[in-house]
Amino acid sequence: MTNLRVALIGAAGRMGQAIIALAKSEGVEVVARIDLGDQLTFADADVAIDFSHADAASSICEVAIKSKTPLVIGTTAHSAKQRDDIVAVSKQIPVVLASNFSVGVSTLFALTEHAAKILGDDFDLEIVEAHHRMKKDAPSGTAKALAEILQRARQTKVLRHGREGIVGERGKSEIGIHSVRGGDVAGDHTVIFAGQSERLELTHRASSRDTFARGAIRAARWLIGKSPGLYDMRDVLGLSDE
Ligand code: NAD
């Protein structure tokens, strides 16, 4: 395994530290550790990995274009404008953008799509996610990705973010999303399909951040030599043609 030279943005954060801890065993050399207040430069890197904050996205894109550095973006909660910047940069350099780098969650995405097709309109759909108390955005990027899968399957746009008070009966086409925050939960996601007399629940639990860190490194290695484009974990895992 050849050493992969990585510029790491958000290096002092939880995910940044998880990548640094795994670097040696994964054949990664972190050639630039970048956090708030540091100069953004990817000069000596084969690839840049971003686990920082959505507000950093536009500057990261500018710098990556200049040095033609492939980008792996794990940060979540981008605004529409920040997302447009990422799409624009991906026309010139290869970019992997993924709300969740775990192989198990990619499997959860596929199973959710499949279950929604099999179970049809008679099952009510709810998503519950849980994360540590320090997480800044809600719902999680993964919960949003699950909602998009269910919205496509049901052809509905109605999302219900939590419930409080006299909310009335549940609408048939709504998809509920609920965020739990506490302790050091690395990331749990459950999709509930609730029907008459039966309920199916698909759950993924991450027990540490290592799964996301390993997935991001795998994505970074996969990205080297790829054509410009916007890729996700399905591409990295070779699932996009299935
Ligand atoms: P964190 O708050 O622990 O770390 C973020 C780090 O980024 C901090 O050290 C902060 O100082 C730094 N930072 C903030 N703004 C910056 C900027 N403009 N430039 C450079 N550095 C900056 O957060 P975390 O738990 O490590 O998560 C980081 C991001 O990754 C979040 O958006 C989170 O939702 C996402 N995340 C994604 C996955 C995935 O698999 N895709 C997994 C876990 C977390």
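Just follow the structure's listing: the first ligand is 1, and inside any ligand the first atom is 1.
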For this session: Can you run down the side-chain hydrogen bond (donor to acceptor under 3.5 Å, both in side chains) pairs that involve residues 37-47, sequence neighbours left out, and say none if there aren't any?
Result: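 Passing the test, one end in residues 37-47: no pairs.
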Exercise. Using 4.0 Å as the upper bound for N to carboxylate O, is an ion pair formed by R83 and D85?
Worked result: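 Looking at R83 together with D85, the answer is no, because their closest N to O distance does not fall below 4.0 Å.
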Exercise. For Q151 and L159, what are the C-alpha separation, side-chain angles and deciding distance, and is it a side-chain contact (heavy atoms from CB on, under 4.5 Å)?
Worked result: CA-CA 9 Å; Q151 283 176 307; L159 294 182; 3.5 Å; yes
For this session: Quick one: list whatever passes ring pair (Phe, Tyr, Trp, His ring centres under 6.0 Å) with F212, sequence neighbours left out.
Result: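 None.
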For this session: Name all residues meeting the side-chain contact (heavy atoms from CB on, under 4.5 Å) criterion together with H114; count only those two or more places apart in sequence or in a different chain, and write none if there are none.
Result: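 So H114 forms a side-chain contact (heavy atoms from CB on, under 4.5 Å) with I118.
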Just list the N/O pairs, ligand 1 to protein, that are under 3.5 Å apart, with the distance for each.
| residue | atom | partner | partner atom | Å |
| --- | --- | --- | --- | --- |
| ligand 1 | 2 (O) | R14 | NH2 | 3.4 |
| ligand 1 | 2 (O) | K136 | NZ | 2.9 |
| ligand 1 | 3 (O) | R14 | N | 2.9 |
| ligand 1 | 3 (O) | R14 | NE | 3.3 |
| ligand 1 | 3 (O) | R14 | NH2 | 3.2 |
| ligand 1 | 9 (O) | G13 | N | 3.1 |
| ligand 1 | 9 (O) | D35 | OD1 | 3.3 |
| ligand 1 | 9 (O) | D35 | OD2 | 2.7 |
| ligand 1 | 11 (O) | D35 | OD1 | 2.5 |
| ligand 1 | 21 (N) | L36 | N | 3.3 |
| ligand 1 | 25 (O) | R14 | NE | 3.2 |
| ligand 1 | 26 (O) | R14 | N | 3.3 |
| ligand 1 | 26 (O) | M15 | N | 2.8 |
| ligand 1 | 32 (O) | T76 | N | 3.1 |
| ligand 1 | 32 (O) | T76 | OG1 | 3.3 |
| ligand 1 | 34 (O) | T76 | OG1 | 2.7 |
| ligand 1 | 34 (O) | K135 | NZ | 3.0 |
| ligand 1 | 40 (O) | F101 | N | 2.9 |
| ligand 1 | 41 (N) | G74 | O | 3.1 |
| ligand 1 | 41 (N) | A98 | O | 3.0 |
| ligand 1 | 41 (N) | S99 | O | 3.1 |

Exercise. Are the side chain of S67 and the backbone of F42 linked by a donor-acceptor contact shorter than 3.5 Å?
Worked result: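 Such a contact is absent between S67 side chain and F42 backbone.
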